[in-house]
Amino acid sequence: MKNKGILRGIFGKPLHPLAQAYVASIPVDSRLYRHDITGSIAHAKMLAKQKIISEEEADLIVNGLISIGEEIEHGKFNSKPELEDIHMNVEARLFEKIGDVAGKLHTARSRNDQVALDLRLFLKEAILETIDRLKNFQKILITFAEANQKVIIPGYTHLQRAQPVLLAHHILAYFEMFQRDKERFRDCLKRTDVLPLGSGALAGVPYSVDRDFLARELGFAVVSANSMDAVSDRDFVIEYEAAAAIAMMHLSRLAEELILWSSAEFGFIEIDEAFTTGSSIMPQKKNPDLAELVRGKTGRVYGNLMAILTVMKALPLTYNRDLQEDKAGLFSTVDILGTSLEVFTEMVRTLKVNSGRTYEAAGTGHTLATDLADYLVKKGVSFRQAYDIVGEIVKYAISKGKSLSELSLEEYYRFSPTFAEDVYSITVETSVVARKVYGGTAPEQVSEALSRAKRLLESEVEGRSD
Ligand code: ARG
């Protein structure tokens with residue numbers, strides 16, 4: 001290998017084996033090989049275009065890089081930890097393949113702008129994939145909501161039955177959350193879409209490089225405006241991890257609800273056997289492990305965010321080796337969010353709803369108390385007064401072990417003369433239908449919301465389609 005001395009600079013001594021193993025990042029950053037090769041190919045082409053190297057040299061380099069890419073793809077590449085990272089491993093292999101001309105590739109470049117470039121290339125792809133997965137998940141939520149459009153469940157506050165709502169309305173709440181998540185990722189994409197190459201080690205490069213050409217070749221929207229910033233900041237990584245932490249938080253809330261809803265206590269839904277596990281000792285168990293793991297893995301995603309924030313905290317400009325720690329957490333977060341969304345998409349696809357049970361639950365626990373108060377308000381009673389009257393009625397009903405609909409008109413009269421026979425027309429259905437406000441749970445609003453949601457997804461263009 002011809003470039004043996006590169007990483008040792010002016011030092012005579014080889015790196016201590018323990019130190020060598022400690023500083024190596026290849027086990028993590030080998031995942032960037034495709035981006036590294038893509039970046040290097042563009043760089044070599046640019047060097048030739050600017051006559052910094054000859055066309056023939058660039059051709060040799062480009063073809064060499066392409067064949068290294070194929071070697072890696074086919075598992076025929078042996079990386080060496082002593083070469084530290086994927087970037088040095090690819091370069092060393094290029095020397096083996098094309099000889100000394102390989103030494104020209106690193107002209108007008110440093111590993112500092114190279115690693116920043118590779119990471120940005122990687123993350124741009126990952127963001128589009130994340131958005132795509134979020135979108136697929138939203139589609140399934142819509143399908144599930146549509147298939148259960150008439151199902152009524154109790155809506156909760158404080159995990160106490162509060163008011164009846166449509167299950168579809170509840171599910172569409174998650175659609176909104178994931179919609180905002182996508183917006184956060186799109187926003188993060190804008191700031192990731194910046195070409196750092198040309199920044200060199202930190203001060204820029206003393207060659208007449210064409211950064212706009214590089215940006216076009218590599219598909220970047222803009223070039224970085226400050227070389228020191230470009231090699232040392234990782235705020236785009238933090239943004240991704242923050243957006244991912246929020247998305248996982250959303251997913252964990254749904255996970256928790258699925259866990260609760262599938263318990264015998266609720267009995268609202270049944271998770272398909274393909275997504276539940278049994279117990280080694282209790283044969284009756286059907287455990288919602290997938291949902292539990294999504295809930296659990298959210299912790300790791302939060303941890304990854306804390307880790308990168310801490311790595312970056314108070315780090316002086318420009319590149320510091322600490323930055324090598326940016327990738328492990330990012331990759332972990334990309335993978336956890338991606339697989340969690342994939343798993344949930346399939347799990348929701350096969351969810352079964354026990355609508356008899358949800359309907360019954362929606363109507364018990366005095367969930368129509370607010371409707372009773374609204375009934376009095378419509379007959380001229382002030383809301384606060386109505387609230388007090390209904391409070392007394394509920395207390396009375398509880399003491400008698402009755403539901404509101406089981407009270408006689410005579411009993412109602414005792415609390416207010418305003419009550420009439422039509423008080424019995426208050427039902428779970430009328431409660432839901434009454435909430436016709438934009439954003440409310442009335443069936444007409446929910447079906448409008450479903451159409452809006454579908455139109456929204458259809459109008460979105462970026463990302464791969466499923
Ligand atoms: N393996 C390192 C990383 O991923 C590359 C280091 C480049 N720069 C340096 N001055 N050592 O961050």
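Here, residue 1 is the first one in the sequence, and each next residue gets the next number. Indexing begins at 1, ligand by ligand and atom by atom, following the structure's order.
- Counting the atoms of ligand 1 from 1 in the order shown, those under 4.0 Å from a heavy atom of Ser25 are 1 (N).
- A perpendicular orientation is assigned to the rings of Phe137 and Phe178, their planes being inclined by more than 60° (bins at 30° and 60°).
- Regarding atom 11 (N) of ligand 1, its nearest protein heavy-atom neighbour is Arg111 NH2, 3.6 Å.
- With distances taken over non-hydrogen atoms, the option nearest atom 1 (N) of ligand 1 out of Asp85, Val231, Asn112 is Asp85.
- Closest protein heavy atom to atom 6 (C) of ligand 1: Tyr319 OH, 3.2 Å.
- Residue contacts with ligand 1 include Lys327, since one or more of its heavy atoms lies under 4.0 Å from the ligand.
- Judged by a 6.0 Å distance limit and a 45° cone about the ring axis, Lys124 is positioned over the six-membered ring of Phe220.
- For atom 2 (C) of ligand 1, the nearest protein heavy atom (residue, atom name, distance) is Gln324 OE1, 3.1 Å.
- Residues Glu346 and Arg349 are paired through a salt bridge, judged by an N-O separation under 4.0 Å between the basic side chain and the carboxylate.
- For the pair Arg31 and Phe331, the distance from NZ or CZ to the six-membered ring centre is under 6.0 Å and the angle to the ring normal is within 45 degrees.
- A salt bridge links Arg111 and Glu84; the closest N-O separation between the charged side-chain nitrogens and carboxylate oxygens is under 4.0 Å.
- Ion pairing of Asp100 with Lys104 is absent here, as no side-chain N (NZ or NE/NH1/NH2) approaches a carboxylate O to less than 4.0 Å.
- Under 4.0 angstrom from ligand 1, the non-hydrogen atoms of Glu84 all belong to its side chain.
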